[in-house]
Number of protein chains: 2
Amino acid sequence: MRNMSDIIEQYLKQKIAESHNEVVEIKRAQIAEKFDCVPSQLNYVIKTRFTNELGYVVESKRGGGGYIRITKIETHKKADYLEHLLNLIGDGLSQTNAMHIIQSMYDADVISFREAKIIDTVIARETLMIGLPERDIVRAQILKKIIEVILYEE
Amino acid sequence: MRNMSDIIEQYLKQKIAESHNEVVEIKRAQIAEKFDCVPSQLNYVIKTRFTNELGYVVESKRGGGGYIRITKIETHKKADYLEHLLNLIGDGLSQTNAMHIIQSMYDADVISFREAKIIDTVIARETLMIGLPERDIVRAQILKKIIEVILYEE
DNA sequence: TCTTATTTGATTAAAAATGGTCAAGATTGT
DNA sequence: ACAATCTTGACCATTTTTAATCAAATAAGA
């Protein structure tokens with residue numbers, strides 16, 4: 001590695017990789033000190049290597065307790081993941097399995113906590129007040145349609 | 001949490017959430033001591049995070065037995081609105097009427113655009129592949145349960 | 001009741017803590 | 001040498017923290 005910017009870039013990418021959540025949060029001055037460079041070098045590194053085009057979102061806050069947060073957004077992976085779920089679901093689906101899938105979607109960051117709660121409610125047997133085997137069929141259908149909505153939005 | 005102001009903000013919001021009444025009443029000096037900060041920090045937190053814009057009303061009184069009371073009014077209004085919708089929905093519900101309600105919820109800012117799309121999909125007759133009159137009954141049930149989730153969250 | 005003291009919150013300005021911009025100078029690859 | 005990339009530093013902007021001083025409400029005393 002020949003220069004500071006590359007080293008810092010590697011460091012940040014490693015941190016992102018380490019956090020399963022695909023995110024790293026730093027204090028600018030602290031990292032600058034760690035690598036013995038001026039703080040604004042961090043801005044340079046971020047501006048040239050963590051751009052939107054490259055799939056990163058950068059947020060920051062100044063003042064006491066300030067930070068810089070870099071998030072990697074993996075659109076492709078998410079689509080693949082959702083397609084995978086779609087294939088997973090057959091003609092019928094138990095409530096337990098459905099809840100596992102919903103939890104998985106929340107963990108994978110493709111739905112919000114509130115969305116997860118809403119979907120959980122929708123597929124609950126108390127909501128779907130019809131008997132088996134129709135209930136499992138409707139549940140599968142509902143979840144598949146929801147996944148399609150998320151998959152094909154935008 | 002990165003700084004005192006955020007911590008205090010969280011604390012107050014949690015207190016509001018705990019009180020079903022959507023309100024919290026504090027003694028400024030007491031909270032300042034609890035978090036080991038100067039009293040005026042409470043004013044700062046309130047001024048920057050519990051504004052009218054954000055749906056809060058702040059009342060206070062000085063002198064012996066003084067207090068600061070923060071009320072979340074937006075929630076009240078939204079809760080009333082959602083209760084109203086709940087009463088509106090009977091045992092059955094057509095797709096058209098359901099979509100009107102969903103649109104109304106989106107307009108009233110109680111659900112996001114994506115949530116609206118998801119719910120639209122869920123209550124569509126193509127998703128609910130069962131015959132009438134059961135379909136309208138299940139649809140009503142689904143929408144009511146969803147509204148309850150939104151109503152009783154926090 | 002009237003006046004004074006005490007309690008308690010409000011305001012505001014200064015200081016401290018962070019991060020952002022930009023442009024000049026240094027380095028590196030071709 | 002030229003162009004592109006990197007490094008630095010001076011100056012700026014935002015947010016939080018702190019302290020001094022003001023204002024209002026209640027409590028106490030005459």
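- Rounded to an integer number of Å, the gap from A:Arg69 CZ to C:dG19 C1' is 14 Å.
- One interatomic measurement links the two molecules: CZ of B:Arg2 to P of C:dG19, which rounds to 11 Å at whole-angstrom precision.
- For the pair A:Lys117 and A:Tyr106, the cation-pi criterion (under 6.0 Å, within 45° of the ring axis) is not fulfilled.
- Whole-Å rounding puts the B:Leu42 CG to D:dT18 P distance at 13 Å.
- The minimum heavy-atom distance between B:Gln95 and B:Arg139, with the atom names listed, is N-NH1, 3.2 Å.
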Checklist entry - How does protein reach along nucleotides 3-13 of chain C, written 5' to 3' as B (base within reach of a heavy atom under 4.0 Å), S (only sugar-phosphate), or - (no contact)? => result ----BBBBBB-
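- The interatomic distance linking A:Gln41 (CD) with C:dA26 (C1') rounds to 12 Å, in whole Å.
- Across the protein-nucleic acid pair, A:Asp6 atom CG and C:dT27 atom P stand 17 Å apart, rounded to whole Å.
- Applying the 4.0 Å criterion to OP1 and OP2 of D:dT5, one finds that A:Ser5 has every side-chain N and O outside that range.
- Between the side chains of B:Ser94 and B:Asn97, at least one donor-acceptor pair of N or O atoms lies under 3.5 Å.
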Next on the checklist: Set out, in order, the CA-CA distance, both residues' side-chain angles and the distance that settles side-chain hydrogen bond (donor to acceptor under 3.5 Å, both in side chains) for B:Asp107 and B:Gln103, then state yes or no.
Outcome noted: CA-CA 6 Å; B:Asp107 291 340; B:Gln103 177 70 43; 3.1 Å; yes
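- In this structure, B:Arg49 reaches the sugar-phosphate backbone alone: every heavy-atom distance under 4.0 Å involves primed, P, OP1 or OP2 atoms, never a base.
- When atom types are taken as modelled, the side chain of B:Tyr81 and the backbone of B:Met105 share a donor-acceptor pair closer than 3.5 angstrom.
- One can place CG of B:Asn3 at 14 Å from C1' of C:dG19, the figure rounded to the nearest angstrom.
- Between B:Gln14 and B:Glu18, the side chains place a donor N or O and an acceptor N or O closer than 3.5 Å (distance only, hydrogens not considered).
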